[in-house]
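Numbers here simply count residues along the sequence, with the first being 1. Hydrogens, waters and symmetry mates are skipped; everything else that's a heavy atom, side chains included, is used.
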Amino acid sequence: MRNIKFFDTTLRDGEQSAGVNLNLQEKLEIARQLERLRVDIIEAGFPASSKGDFEAVKQIAETVRTCSVTGLSRSVRSDIDAAWEALKGGAEPRLHLFIATSPIHMVHKLRMTPEQVIEAAVEAVKYAKRFFPIVQWSAEDACRSELPFLAKIVAEVIKAGASVINIPDTVGYITPKEYGEIFLYLQNNVPNIENVSLSAHCHDDLGMAVVNSLSAIEHGATQVECTINGIGERAGNAALEEIAVALHIRKDYYQVETRLNLQEIKRTSNLVSKLTGVVVPPNKAVVGKNAFAHESGIHQDGVLKEKTTYEIISPELIGVPSNSMVLGKHSGRHALRNRVEELGYTLSDEEINQLFVRFKELADKKKDITDDDLIALIFEEKFDPFKDFYQLSSIQVQYGTNQIPTAVVVLKDGKGNEIQEAATGAGSVEALYNTLERCFQTEVTLLDYRIESVGGGRDALAQVFVKVRVRDVETSGRGTAQDVLEASAKAYINAMNRVFMIEAMRAENEKVATS
């Protein structure tokens, strides 16, 4: 059987989703989980795009040892140099070079002739091969390119040293039949095509990213590029978990193998969803909350008699446990540490101690602490890099059907100074957010607000996700607490801290650029 490699671009293309801004610690945690999932290649970012992206790619390359780590690069020497500096400490450094090949991109974006595009692509590949043992070359907007030109430029970059040729459906335009035909055309019209691997990269603008990726595999592709939960700019990318499970369940048809550890799929999906704030729809294939739910009486009867009557994927296949371990107020630090490690998280002694304090506080209020509760606490402790920014000290909200909702908030800044404000609103959350806006003394546009429970029951934790725009920065935030208003406040403050961190990094980049 052919082996299909999985190229995960959650940390590059996925992070380009509107409002998603991952910090270094969050990127590292996702990269470690992708390594546990056993993807073949992790695209960690675009090193030349910013100092923050460069540092994230560098640290991921130096941390991950069982996957190849790559970075994106335009066909210019400065991008290639930055990528090499970031990736040279990796176990198997590789470069992902791209240049547009469609007439619309060459004319309106690049303002280059086809001959100039070929020359630039060849020069970039030759230069990159001085450093990188593996160079992947991508024809941006390949699916709207003229096939004779695409075959010509592919032949030239292979001569120049490219090891992988990627055919992206950049705007999600193509159909499965047409996409498969491109791969066949290249195999029949590029004389040195046998020297490289062919890769597929599909976007979901017309809802065909996964089926297009599978069509590419049917027609000779041996690498597929995708993201966890299908996140990405616009309508997103092909969903890794859907392609992986389809290849496994229908191995009889596709006749291919992968090295993925499918039991890590659900855990990876949950991690990416929580860190990005992009909620997985309940009816999402493979990883949605309802993926294994059977409500119809006929379906329930069939499943009870024989699961395979209506269940082609077992929950255990993707790592959905049949039951969750429950901790309580009598559980000790050792039991907590063991469970944290079983859930796939690595915490330092200091982080465990801090988590144990929060765990005991919650256990005094909530009888049973489930895995979901524990994961929520881990996220609160481990993924809060904003100690030097703003923290919530206290909130007080007065609300009644016959009175104006009023909120009082006390914040602490990074220097320990207290900020206290009060405001009213049409509802309790609006009053709270009007008050926080006063605390920050800046105009904030709330683009999205979502609340969900962690687990069930009256004592369930509340988890709030917000998306905000401040000046020209759009980002998301999250907060967890037993009280929905406290969770709402934490989510808003988390988003604002991200805004301030992004602006601080921009200022630092500008300072470096002008010095």
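Here the options are Arg94, Glu43, His96, the test is side-chain hydrogen bond (donor to acceptor under 3.5 Å, both in side chains), and the partner is Gln136; only His96 passes. In summary, of the residues considered (Val122, Ile99, Val117), a side-chain contact (heavy atoms from CB on, under 4.5 Å) with Ser75 occurs for Ile99 alone. Screening Asp13, Leu34, Ile30 for a side-chain contact (heavy atoms from CB on, under 4.5 Å) involving Asp8 leaves a single residue, Leu34.
Side-chain contact between Asp169 and Asp205 is absent, with no heavy atoms from C-beta onward closer than 4.5 Å. The shortest side-chain heavy-atom distance between Leu198 and Phe183 falls under the 4.5 Å cut-off. Side-chain contact check for Ile60 versus Leu28: some heavy-atom pair is nearer than 4.5 Å. Two residues are said to be in side-chain contact when any heavy atoms from C-beta on lie closer than 4.5 Å; Leu275 and Phe379 meet this criterion.
By the 4.0 Å N-to-carboxylate-O rule, Arg250 lies too far from Glu218 to be salt-bridged with it. The pair Glu264-Arg267 counts as a salt bridge, with a side-chain nitrogen and a carboxylate oxygen less than 4.0 angstrom apart. Ion pair Glu242/Lys284 flagged as a salt bridge, since at least one NZ, NE, NH1 or NH2 atom sits closer than 4.0 Å to an Asp/Glu carboxylate oxygen.
Ala151 approaches Tyr185 most closely through the heavy-atom pair CB-CE2, 3.9 Å. For the residue pair Asp204 and Ala209, the shortest heavy atom distance occurs at OD1-N, 2.9 Å. Contact record, His201 with Tyr179: N-OH, 3.3 Å, taken as the closest heavy-atom pair. Shown here for Gln33 and Leu271, the closest heavy-atom pair between the two residues is CB-CD2, 3.6 Å. Ser269 and Val280 make their closest contact through OG-CG2, 3.9 Å (heavy atoms, listed as atom of the first residue, atom of the second, distance). Met112 and Ala120 make their closest contact through CE-CB, 4.0 Å (heavy atoms, listed as atom of the first residue, atom of the second, distance).
A donor-acceptor pair under 3.5 Å links the side-chain atoms of Asp79 to the main chain of Arg74, judged by distance alone. Side-chain atoms of Tyr433 come within 3.5 Å of backbone N or O of Ser488 as a donor-acceptor pair. When atom types are taken as modelled, the side chain of Asn494 and the backbone of Lys490 share no donor-acceptor pair closer than 3.5 angstrom. Formation of a donor-acceptor pair under 3.5 Å by the Asn229 side chain with backbone atoms of Ile231 is not found in this model. For the pair Asn237 (side chain) and Thr227 (backbone), a donor-acceptor distance under 3.5 Å is absent. At least one donor-acceptor pair closer than 3.5 Å links the side chain of Arg38 to the backbone N or O of Arg259. Remark: side-chain polar atoms of Thr475 are not paired, donor with acceptor, to backbone N or O of Ala495 under 3.5 angstrom. For the pair Lys177 (side chain) and Glu181 (backbone), a donor-acceptor distance under 3.5 Å is absent. Distance alone, capped at 3.5 Å, is enough to place a donor-acceptor pair between the Arg2 side chain and the Ala221 backbone. The closest donor-acceptor contact from the side chain of Asp53 to the backbone of Gly45 lies at 3.5 Å or more, if one exists at all.
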query = Given the rule in the salt bridge (Lys or Arg N to Asp or Glu O under 4.0 Å) test, do Glu15 and Lys27 qualify, once you have shown the distances and angles that lead to the verdict?
reply = CA-CA 10 Å; Glu15 203 201 6; Lys27 287 185 176 183; 3.2 Å; yes

inquiry  = Please evaluate residues His248 and Leu260 with respect to the criterion side-chain contact (heavy atoms from CB on, under 4.5 Å), reporting the C-alpha separation (whole Å), side-chain torsions for both, the decisive distance (0.1 Å), and the verdict.
reply    = CA-CA 10 Å; His248 175 81; Leu260 293 176; over 6 Å; no

ask   = Is there a salt bridge (Lys or Arg N to Asp or Glu O under 4.0 Å) between Asp81 and Arg130 once you walk through the steps?
value = CA-CA 11 Å; Asp81 291 338; Arg130 297 183 190 179; over 6 Å; no

task = Assess whether side-chain contact (heavy atoms from CB on, under 4.5 Å) is satisfied between Phe389 and Met501, documenting all intermediate values.
result = CA-CA 8 Å; Phe389 290 87; Met501 180 174 278; 3.9 Å; yes

request  = Go through Ile134 and Glu92 one step at a time and tell me if the side-chain contact (heavy atoms from CB on, under 4.5 Å) criterion holds.
outcome  = CA-CA 8 Å; Ile134 301 174; Glu92 187 189 61; 3.7 Å; yes

task = List the steps and the verdict of ring-ring contact (aromatic ring centres under 6.0 Å, His included) for Tyr449 and Phe465.
result = CA-CA 6 Å; Tyr449 172 91; Phe465 296 93; over 10 Å; no

request  = Report the C-alpha distance between Leu97 and Ile80 in whole Å, list the side-chain angles of each, state the deciding distance to 0.1 Å, and finish with yes or no for side-chain contact (heavy atoms from CB on, under 4.5 Å).
outcome  = CA-CA 8 Å; Leu97 273 175; Ile80 297 169; 4.0 Å; yes

query = Thr170 and Asp141: side chain to side chain donor-acceptor pair (under 3.5 Å), yes or no, with the steps?
reply = CA-CA 5 Å; Thr170 304; Asp141 204 25; 4.8 Å; no

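Neither side chain, Asn497 nor Tyr492, offers a donor N or O lying under 3.5 Å from an acceptor on the other. Asn166 and Ser138 share a donor-acceptor pair across their side chains, judged by distance under 3.5 Å alone. Of the N and O atoms on the side chains of Glu35 and Thr66, at least one donor lies less than 3.5 Å from an acceptor on the other residue. Using modelled atom types and a 3.5 Å distance limit, the side chains of Thr101 and Ser145 yield a donor-acceptor pair. A donor-acceptor pair shorter than 3.5 Å can be found between the side chains of Glu178 and Thr175. Arg471 and Thr442 form a side-chain donor-acceptor contact under 3.5 Å, judged by distance and modelled atom types alone. With hydrogens and angles left out, the side-chain atoms of Gln59 and Glu55 include a donor and acceptor closer than 3.5 Å.
Within the model, atoms CZ of Arg498 and CD of Glu474 stand 13.5 Å from one another, a figure rounded to the nearest 0.5 Å. We find the OG1-CG distance between Thr445 and Asp448 to be 13.0 Å, quoted to the nearest 0.5 Å. The line from NZ of Lys5 to SG of Cys67 is 11.5 Å long, rounded to the nearest 0.5 Å. Rounded to the nearest 0.5 Å, atoms CG (Leu95) and NZ (Lys129) are 10.5 Å apart. Rounding to the nearest 0.5 Å places CD of Glu233 at 6.0 Å from NE2 of His203. With rounding to the nearest 0.5 Å, the separation of CD in Glu430 from CD in Glu437 is 10.0 Å.
Remark: Lys58 NZ is loosely packed, at most 12 non-hydrogen atoms of other residues, nucleotides or ligands lying under 6.0 Å away. Within 6.0 Å of CD on Glu119 lie no more than 12 heavy atoms contributed by other residues, nucleotides or ligands.
Separation of the Trp84 and Phe132 ring centroids falls under the 6.0 Å cut-off. Remark: aromatic rings of Phe500 and Phe440 are close, center separation under 6.0 Å.
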List, one per line, each side-chain donor-acceptor pair under 3.5 Å for residues 154-163, sequence neighbours excluded.
from   : atom 1 : to     : atom 2 : distance (Å)
Glu156 : OE2    : Lys159 : NZ     : 3.4

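Checked against side-chain contact (heavy atoms from CB on, under 4.5 Å), Glu123 has the following partners two or more places apart in sequence or in another chain: Arg77.
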